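To start, the structure under review is shown below, and the notes come after it.
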There are 2 protein chains.
Amino acid sequence: MSDHLRLDDQLCFALYAASRAMTAAYAPVLEKLALTYPQYLAMLTLWEDDGLRVSRIGERLHLDSATLTPLLKRLEARDLIERRRSGDDERVVEVFLTAAGKRMKRQAAEIPRCMLEKFDMSIAELVQLRGQVKELTEKLRVTTSSNRS
Amino acid sequence: MSDHLRLDDQLCFALYAASRAMTAAYAPVLEKLALTYPQYLAMLTLWEDDGLRVSRIGERLHLDSATLTPLLKRLEARDLIERRRSGDDERVVEVFLTAAGKRMKRQAAEIPRCMLEKFDMSIAELVQLRGQVKELTEKLRVTTSSNRS
DNA sequence: CGATATCAAATCGTACACGATTGACTTGTG
DNA sequence: CACAAGTCAATCGTGTACGATTTGATATCG
């Protein structure tokens with residue numbers, strides 16, 4: 001009967017499916033900026049805080065340098081950002097928005113509202129759902145990092 | 001003040017982060033079976049319904065043949081499944097569990113309980129959250145597929 | 001019957017993800 | 001100062017994702 005292995009019953013699959021549906025829903029919106037969703041996240045991070053080093057961007061997005069380095073190189077190739085070796089510490093690479101990168105923030109300003117429409121839910125619902133999803137993420141991170149069995 | 005472009009405020013980023021944290025939380029559990037999370041999903045699908053064609057698996061997981069074909073080939077290389085061209089229609093490839101693939105279902109039986117512990121939430125909360133996530137996914141799918149602007 | 005449309009899976013190209021390693025640089029300790 | 005330990009970004013290898021095209025098979029229509 002309930003063998004617990006049913007796909008439809010699993011929260012994890014729901015999250016996995018939601019994440020990909022969300023990326024797909026972003027695609028037409030991001031098309032104007034010619035950004036992928038992860039690239040958009042990197043830009044969001046820099047719009048909040050320009051000049052971050054690679055590892056700081058990684059902390060915010062929970063991505064490591066293996067993912068970020070090529071992604072940032074693509075943004076640099078498009079002249080949206082500049083990657084500079086820090087003078088203080090030659091190991092560190094700091095990432096700065098170019099003029100074009102800063103300009104893009106204005107075009108991106110409408111995106112959250114545009115996505116909000118697609119959600120078709122009240123702000124209260126959204127905030128509540130976001131909170132639950134974040135809480136779950138924290139719990140998963142804790143149990144994963146402490147895994148030594 | 002609230003420029004709506006703040007990372008922490010975005011439901012989408014929360015989902016994206018949750019999905020990856022979930023995959024990471026699965027990794028130690030799936031290690032015993034030497035499966036990746038998407039491979040596990042394909043096995044789940046077949047444990048529910050053996051002998052599905054590639055496109056049916058794709059419908060359930062919302063993945064296309066470009067993703068599934070190589071994934072299924074890896075499972076076949078490990079002798080967990082068999083891919084057979086249908087006699088009725090040579091275009092169709094049907095996917096069957098091998099004896100080893102069927103045996104694995106028993107080892108996988110503990111996985112949902114194991115993940116449930118990591119969630120650390122009541123069944124009622126889980127069901128409610130899963131429902132909300134699924135609902136959102138449906139809304140995103142509708143708006144994405146009808147996009148012609 | 002034969003041209004054409006449709007369909008299923010495979011393939012191609014690009015872009016993440018992430019574990020593991022590398023190499024350059026810095027820091028802490030004796 | 002010497003040098004081991006630690007840090008940071010880059011690199012490597014493997015495995016998804018997905019848009020677009022291709023290949024082969026079937027269905028449909030004139």
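What's counted below: heavy atoms across the whole structure, side chains too, no hydrogens, waters or symmetry copies. Order of the sequence lines sets the chain letters (A, B, ...), proteins ahead of strands, with each chain counted from 1. Predicted model only: the values in this text are computed from it and were never measured.
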Measure from the side chain of A66(B), starting at C-beta and using heavy atoms only, and say which of dC25(C), dT11(C), dA17(D) lies closest. dT11(C)
Closer than 4.0 Å, any side-chain N/O of R20(B) to the OP1 or OP2 of dC18(C)? yes
Between P of dC18(D) and OH of Y37(A), the distance in whole Å: 15 Å
Would L35(A) and L80(A) satisfy side-chain contact (heavy atoms from CB on, under 4.5 Å), going step by step from the backbone distance to the final call? CA-CA 11 Å; L35(A) 292 178; L80(A) 295 170; 4.0 Å; yes
Rounding to a whole Å, what distance do you find between R53(B):CZ and dA10(C):P? 13 Å
How many whole angstroms separate atom CG of D64(A) from atom C1' of dT7(D)? 15 Å
To the nearest angstrom, how far is E90(A) atom CD from dT27(C) atom P? 12 Å
At under 4.0 Å, does any side-chain N or O of Q39(B) touch on OP1 or OP2 of dT16(D)? yes
Which is true for T67(B) with a 4.0 Å heavy-atom rule: it touches a base, it touches only sugar-phosphate, or it touches nothing? base
Do NZ/NE/NH1/NH2 and the carboxylate oxygens of D89(A) and R53(A) come within less than 4.0 Å? no
Separation of S19(A) OG from F13(B) CZ (nearest 0.5 Å): 10.5 Å
Tell me what R85(B) touches on the nucleic acid: a base, only sugar-phosphate, or nothing, going by heavy atoms under 4.0 Å. sugar-phosphate
Below 4.0 angstrom from OP1 or OP2 of dA10(C), is there any side-chain N or O of R83(B)? yes
Using atom CG of L61(B) as one end and atom P of dG15(D) as the other, report the distance to the nearest whole Å. 18 Å
Out of dA10(C), dA9(D), dA25(D), whichever nucleotide has its closest atom nearest the side chain of D89(B): dA25(D)
Return the nearest nucleotide to the side chain of R91(B); candidates are dA25(D), dG6(D), dA17(D). dA25(D)
Give a yes/no answer on whether the side chain of T69(B) brings an N or O atom under 4.0 Å of OP1 or OP2 in dA10(C). yes
Side-chain-base donor-acceptor pair under 3.5 Å for S65(A) and dA10(D): yes
Picking from dA10(D), dA10(C), dT16(D), which would you name as closest to the side chain of P38(B)? dT16(D)
Any S55(A) side-chain N or O less than 4.0 Å from OP1/OP2 of dC8(D): no
Quick test of your reading of the model: are R60(B) and D49(B) salt-bridged, counting only N-O distances below 4.0 Å? yes
Nearest-nucleotide check on DNA chain D, D88(B) vs L71(B); residue mapping nearer the 5' end is L71(B)
Do any side-chain nitrogens or oxygens of Y16(A) fall under 4.0 Å of OP1 or OP2 in dA17(D)? yes
If I take atom CG in residue L63(A) and atom P in nucleotide dC8(D), what distance separates them, rounded to the nearest angstrom? 17 Å
To the nearest Å, give me how far apart CZ (R78(B)) and P (dG15(D)) are. 10 Å
Can you tell whether the side chains of E110(A) and R113(A) come within less than 4.0 Å, N to carboxylate O? no
What is the separation between atom CZ on R74(B) and atom P on dG13(D), rounded to the nearest whole Å? 16 Å
Salt bridge present between E94(B) and R83(B) (N-O < 4.0 angstrom): no
Measuring to OP1 and OP2 of dT11(C), would you say a side-chain N or O of K73(B) lies under 4.0 angstrom away? yes
Separation between CE (M115(A)) and CD (Q10(B)), nearest 0.5 Å, reads 9.0 Å
Between E82(B) and R84(B), does any NZ, NE, NH1 or NH2 come within less than 4.0 Å of an OD or OE carboxylate oxygen? yes
Bend angle of the helix from dC1(C)-dG30(D) to dG30(C)-dC1(D), from helix axes over five pairs at each end, nearest 10°: 0°
